[in-house]
2 protein chains.
Amino acid sequence: MFQSIHFNAKPRATTNASKPEVLERLRKIVGAENVLIEPEKVEPYGADAVKEKFPPEAVVFPETTAQMCEILKLANEYLFPVTARGGGVGYTGGAVPVDGGIVIGTDRMNKIIEINPDDLYAICQPGITTFALQQAVEKYGLLFPPDPASYKDSFIGGNIAENAGGMRTPKYGVTKHSVLGLEVVTATGEIIRTGGRTVKNVVGFDLTGLMCGSEGLLGIITEATLKLLPMPEATSTVRASFKTMEEACKVLTKFTPEGLLPMAMEVIDKNCVGAIEQNFAFGLSKDANAILIVAVDGARAQVETDSRLIEKILKENGGFDILRSKTKEEEDKLWDVRRAISPSLMKYGSLKINEDVVVPRSRVPELIARVEEIGREHDTFVANFGHAGDGNIHVNFLCDRENADSIARARQCVKETFALSVALGGSISGEHGIGYVKAAYLDMAIDAPTLEIMKGIKRVFDPNGILNPGKMFI
Amino acid sequence: MFQSIHFNAKPRATTNASKPEVLERLRKIVGAENVLIEPEKVEPYGADAVKEKFPPEAVVFPETTAQMCEILKLANEYLFPVTARGGGVGYTGGAVPVDGGIVIGTDRMNKIIEINPDDLYAICQPGITTFALQQAVEKYGLLFPPDPASYKDSFIGGNIAENAGGMRTPKYGVTKHSVLGLEVVTATGEIIRTGGRTVKNVVGFDLTGLMCGSEGLLGIITEATLKLLPMPEATSTVRASFKTMEEACKVLTKFTPEGLLPMAMEVIDKNCVGAIEQNFAFGLSKDANAILIVAVDGARAQVETDSRLIEKILKENGGFDILRSKTKEEEDKLWDVRRAISPSLMKYGSLKINEDVVVPRSRVPELIARVEEIGREHDTFVANFGHAGDGNIHVNFLCDRENADSIARARQCVKETFALSVALGGSISGEHGIGYVKAAYLDMAIDAPTLEIMKGIKRVFDPNGILNPGKMFI
């Protein structure tokens, strides 16, 4: 299945990683049971959410940093590609071994080393899911804010490597804003330690920031020290419909003068609303050409005050069918329409190409209007939703996975959408990254001298180019 | 004056920068009136708050990014050192031309290019003071949170290059957390553009993070896009005395379970209290061996609730002489003791060596107790105060600037304090940086492989080593 969208998929490569002596040494490093080479066993490690298949020659599961160093030293000796993999649920192929070689699965490095409520940090290995980490710190009354949609499946190592986003960005920032320090094994098998356990630390260059979002090209994260916050007492959500996308987005600018900083501000466009209604019949109004969902958190009394004020602002600025949650259950229910989008859209095409462009948030209405034009021009159904509060919009082009022309038209739409996003003062990815999927478009967003610096940094960390080749730069 | 503390000061160097043809070309690039070479005119640009003198051969004031590029290309052609300078008020010599060459003053690049309240960002040139920027955005009801103590004098370019801290870190982070994107001229005179105008942006390596805190070694910032927040409606401050430092710091851990995240949590030790009382007679209790100052901000009603709760927590945990501000005037008054520290300490020695080590905040009492032992051991008066909420403590060793032995003892105290901070899980600088002052100690905090990576990155940006030589690495 999905065969027809394998634009880039390759048969299993053969590099030095397949040499018997290499496999033997890998088995010696991590134990024979932690090296997979059978085709049916390695296949699942050859794809991510893009669902294109690049089967690795072997999958290796180290348990310690020392083993990670040995594997990378071996890879440098024999010069085969190494791709680190967390949960394997990325949207741009970051964890996929496009040039063969080995995949390093961090699944066994899944321990929480320390949760320190007094000093507000946690230390963990890369192979724990963000959800498991959040649950663990919640027991101490603490919050780890990053919340990518995939948080139940994605590993914290992958979230850091991709600098994952999510819905809480307007208030809490992205993953990099919650990383204090890292232990990293570089491509040459050296251990480096970046940052520390404190928010303030200005000793040497900020390699922690550099590692966040480096997509596995510079090193493999073996330990992370993460910043925690007090868990807010309460949350509340307000949902409203609007007659136009302009109205819905304009409302966001009304919060600032009131001192309001909602943790999430999500928007759903009219095509999404139509699709949801066809499938779930929530009873959304036919006049609802945009839906806005705004969530606040904090102390209970303040959350009550803030959510009432938001309700008032939405009402005074064109919002209708306004619902404000008073309980956790009501709040969950308000988010149902958001969760209904993806399944609903699948009726419009067997293949959904989900991009995640970003623009300054006041340009969201223009972005969406012009993306609709692009869709019409190329006879492609488009539906948009996403993080209006930070301008990161998921643009979905629906096409027929069995129809090459339909796919080609959608891909043309993607390209024009990227150019549009850059022209509007934004960029081609807000939270999914570049991987191999967007590599061809990188120079639309990054100019040549800046790209040269990035390539130079890559060479410093990885002189032989063994780490995650085929990604980001092409 | 101050001659006796010039451990490192040098007479004016002569490099290729002094060649008549170079000076002529500099004058051509920026205009003759914007090139200073007279000894008395360049002297002020040869020192910062460290007050050691390294007079540059010339001071050059470009007005545009294009001029900055030309200057750096010229420096590469003739291979002379270039040191960028903002307000020149740093504590580690970051803006001081220790190897001669030219100083580039960013004073003329002081424009605010855009304040965008809808998209919550500002774009400005590097030569504006942080205070001026804050005042400008305040008119739009917006907050630029970074607040280094020097904010009235330091330039935003310098704050970014040093990744400046301040008091609001517990809630708002440090300078790097408020930088969205940069325009930078690299050492070779190329313009690179990092990040953008949005919080979410995962396109290529995060060079914005790397530039923050790079201390002028990688490039010169010519434009910054900064993240803004809604201005909180109100603030309130609570001050309390404690019988021990342990008690004062232990209280900080009581806020988290209540969901409280104060914006500032400052502490003052008993030696500071004694010095303040001797000088100002505020009427602080003789039993006050530590003073804690806690500030909250937010919506007015919540600030009232939070500050009352903080007052209660302080009272229940050993606090006495507790004062809670109800008005802006009362709040200002509560901070008087903090402002009184530095002038009061000068009675204990004509030279105050102010370090800014950082430890996980629960280790602050141990840090201070052991620093006192170090002081006793080396017969040096020590007084500590600082940012207890983020573990960044200003350790002040007082000595006699005319007495070499007294200075040598204080310097030994500094060295042992750095080792102690690292041993306690912290580092040698929380907000002042390394510059040349701490360069000899860098390897106490950064291991060799990590240092090698940093040096490699330096070579990528600055192959000829012209930018700010003598800093960070030695």
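A, B, ... follow the sequence lines: proteins, then strands. Residue 1 opens every chain. On a predicted model such as this, the values are computed, not experimentally measured, just so you know.
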Identify the heavy atoms of B:T450 and A:R193 that sit nearest to each other, and give their distance. OG1-N, 3.1 Å
Using heavy-atom distances under 4.5 Å, tell me whether B:I434 contacts chain A through its side chain, its backbone, both, or neither. both
Rounded to the nearest 0.5 Å, how far does NZ of A:K458 lie from CZ of B:F205? 6.5 Å
Is it the case that more than 12 heavy atoms not belonging to A:K250 sit under 6.0 Å from its NZ atom? no
Do any of residues 299-310 of chain A come closer than 4.5 Å to chain B, heavy atom to heavy atom, and if so which ones, in number order? A:A299, A:Q302
Segment of A:P449 engaging chain B (4.5 angstrom heavy-atom cut-off): both
Is it the side chain or the backbone of B:E190 that comes within 4.5 Å of chain A heavy atoms, both, or neither? side chain
To the nearest 0.5 angstrom, please state how far the CG atom of B:L120 sits from the CG atom of A:D390. 11.0 Å
Leading residue by heavy atom contact count with chain B [cutoff under 4.5 Å; candidates A:R459, A:H387, A:K438]: A:H387
Looking at B:T253, B:D119, B:N116, B:N201, which has the largest count of heavy-atom pairs under 4.5 Å with chain A? B:D119
Given side chains that start at C-beta, do those of A:D118 and B:R361 come closer than 4.5 Å, heavy atoms only? no
Check whether B:I457 gets within reach of chain A through its side chain, its backbone, both or neither, counting any heavy atom under 4.5 Å. both
Under 4.5 Å from any heavy atom of chain B - which part of A:H432: backbone
Counting heavy-atom pairs under 4.5 angstrom with chain A, the leader among B:G209, B:P360, B:G141 is B:P360
In residues 175-187 of chain A, which residues are in contact with chain B at a heavy-atom separation under 4.5 Å? A:K176, A:H177, A:T186
Do you know which of B:I191, B:D206, B:V203 has the most heavy-atom pairs under 4.5 Å to chain A? B:V203
Would you say that more than 12 heavy atoms from the other residues, nucleotides or ligands in this model lie under 6.0 Å from the OH of B:Y91, or not? no
List for me each residue that meets side chain to side chain contact (heavy atoms under 4.5 Å, CB included) alongside B:Y172, sequence neighbours excluded, and say none if there are none. B:L143, B:P145, B:R168, B:L229, B:P232, B:M263, B:D297
Sort by residue number and list every member of residues 210-218 of chain A having a non-hydrogen atom under 4.5 Å from chain B. A:L210, A:C212, A:G213, A:S214, A:E215, A:L217, A:L218
Check: B:L228 and A:T256 side chains under 4.5 Å, non-hydrogen atoms: no
If you count heavy-atom pairs within less than 4.5 Å of chain A, which of B:G389, B:S362, B:G196 leads? B:S362
Testing the basics here: between B:G204 and A:L442, what is the closest heavy-atom pair and its distance to 0.1 Å? N-CD1, 4.1 Å
Gap between atom CZ of A:R197 and atom OG of B:S427 - 0.5 Å precision: 12.0 Å
Under a 4.5 Å heavy-atom cut-off, does chain A meet the side chain of B:D447, its backbone, both or neither? side chain
Side chain from CB out, backbone as N, CA, C, O: work out which of these in A:I453 comes under 4.5 Å of a heavy atom of chain B, or both, or neither. both
Is any side-chain heavy atom of B:E162 closer than 4.5 Å to a side-chain heavy atom of A:V202? no
In terms of heavy-atom proximity below 4.5 Å to chain A, should B:M231 be classed as side chain, backbone, both, or neither? backbone
Decide yes or no for A:T198 and B:N392: does some side-chain heavy atom of the first lie under 4.5 Å from some side-chain heavy atom of the second? no
With chain B, which of A:P170, A:G166, A:A448 has the greatest number of heavy-atom pairs at distances under 4.5 Å? A:G166
